[in-house]
A.B. asks: 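First the structure, then my questions, so here it is.
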Amino acid sequence: MSNALISTERVLADAAVSAVDGRIVWDPVKSLWFSGHAVLGLVALFYLPSVAGVVAFLVLSAITLCAGHSVGMHRLLIHRSFTAPIWLERLLVWLGVLVGMAGPMGMIRAHDMRDWHQRQVICPPHPSHGAGFWQDFWWQVHCVFRLGSPPRFVFENEVADDPFYRWLERWWMLQQLPLAIGLWWIGGIGLVLWGVSLRIAVSLFGHWAVGHFAHRKGHQGWVIEGLPVQGYNLPGIGLRTFGENWHGNHHAFPHSARLGVEPGQSDPGWWLIRVLAALGLARDIAVPESKPDREGLRRADPRPDPHPLPANPPMACDDRQDAPVVARRDSPTGSKAPGRRHQGL
């Protein structure tokens, strides 16, 4: 196998780049951000318990993780698996920033650098989640992996030149302030700690945990031959992760807006996209059949059809005749998807 580094749409590597020569270093801002919210979240749990706090935590977690992170950040901004009006795209991305992981550029960079590493002949233990449970937790939540000779990272113009995204990237931590002020006005400091600090701490821990286990073991419907890191599905937690647990499916079909592609795989993020499509707010929705299979893709279990959807339905996101049409690889619209269709993991 060639040792030449593979480039992706956003990560460009030349002969001077190394994907393995780097070091894992403590990131004080990242570490203190999580630790501070974790401590305040524990204060909310043990010293300020309330029904209103639980409701605020659950409702705000569902909105920010499903509409914001899964749909807005991951499926829309990073993978461009569907399109939406710019006002809606910005709203969804803003909700994703409220999860507390990073700004829009930071999320794209973190996602695509991990994807880039996982496509090379050798993937270091940090981007592959190759360490043990607690060591990987420390690495991912409190540290960064810095390459000595990193590749060049290129953002698409529609993101790099967007003044709202540039502003959001600069002030992403401060986006919690309007929410905190509103919660304070409604219910005081207890509601703030439940709806902001505890939510952020649980969201960051949960995001890491899903990524950790989804790259190590679980159900595997597909294998990408030749790649050092495979994706796995984590059955039973589709509702709690809003579909992000179907990571093996996502490795197989990274362009697809639908992550729960098999029968019985709950995918609330996909359900939300269908609602937006029914309202005329989402179009050009990609599904597994919208693009040719990835090189090296094969079934990991003996099933006759690698795609669970019908071969030629009138529309792939619903069975009603008035449902929005989804771009398919065997239709004229399949080659006209707007923006960059990133193939990341």
A.B. asks: Please confirm whether the backbone N or O of V141 pairs with a side-chain atom of K30, one donor and one acceptor, at under 3.5 Å?
C.D. replies: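 Absent.
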A.B. asks: Begin from the C-alpha positions of W246 and H250 and carry the test ring-ring contact (aromatic ring centres under 6.0 Å, His included) through to its verdict.
C.D. replies: CA-CA 6 Å; W246 308 119; H250 185 51; over 10 Å; no
A.B. asks: Compute the centroid of each ring, for F34 and then for F205, and state whether the two points are separated by less than 6.0 Å.
C.D. replies: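 Centroid separation for F34 and F205: 6.0 Å or greater.
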A.B. asks: Quick one: sort the F213 and F133 rings into parallel, tilted or perpendicular, breaks at 30° and 60°.
C.D. replies: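 It falls in the tilted class, 30° to 60°.
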A.B. asks: Is it true that, when you exclude R152 itself, more than 12 heavy atoms of the residues, nucleotides or ligands shown sit nearer than 6.0 Å to its CZ?
C.D. replies: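 At most 12 heavy atoms, drawn from other residues, nucleotides or ligands, come within 6.0 Å of this atom.
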A.B. asks: Could you label the plane-to-plane angle of the W208 and H212 rings as parallel, tilted or perpendicular, counting under 30° as parallel and over 60° as perpendicular?
C.D. replies: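 Tilted, since the angle between the ring planes falls between 30° and 60°.
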A.B. asks: So, R90 and D162, do they make that salt bridge, N to O below 4.0 Å?
C.D. replies: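 D162 and R90: salt-bridged.
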A.B. asks: For F145 and H117, take the angle between the two ring planes, folded into 0 to 90°, and tell me which bin it lands in: parallel under 30, tilted 30 to 60, perpendicular over 60.
C.D. replies: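 Answer is tilted, since the angle falls between 30° and 60°.
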A.B. asks: Can you tell if the side chain of L45 reaches within under 4.5 Å of the side chain of W194, non-hydrogen atoms only?
C.D. replies: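 Heavy-atom side-chain distance check passes, below 4.5 Å.
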A.B. asks: Compute the ring centroids of H74 and H79, then answer whether they are less than 6.0 Å apart.
C.D. replies: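 Judged by ring-centre distance (under 6.0 Å), H74 and H79 do meet the cut-off.
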A.B. asks: Less than 4.5 Å apart, any side-chain heavy atom of Y232 and any of R216?
C.D. replies: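 No. Closest side-chain heavy atoms not under 4.5 Å.
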A.B. asks: Taking E262 first and then R299, would you say they form a salt bridge - that is, a charged N and a carboxylate O separated by under 4.0 Å?
C.D. replies: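 Between R299 and E262 there is a salt bridge, with a charged N closer than 4.0 Å to a carboxylate O.
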A.B. asks: Is the ring centre of W222 less than 6.0 Å from the ring centre of F253?
C.D. replies: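 Yes, close enough.
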A.B. asks: Any side-chain heavy-atom pair from V71 and F242 closer than 4.5 angstrom?
C.D. replies: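 No, too far: nothing below the 4.5 Å cut-off.
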A.B. asks: Any idea how H142 and W138 line up, ring-wise: parallel (<30°), tilted (30 to 60°), or perpendicular (>60°)?
C.D. replies: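 Parallel.
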A.B. asks: Go through the side-chain N and O atoms of R199 and Q176 and say whether any donor and acceptor fall under 3.5 Å apart.
C.D. replies: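 Yes.
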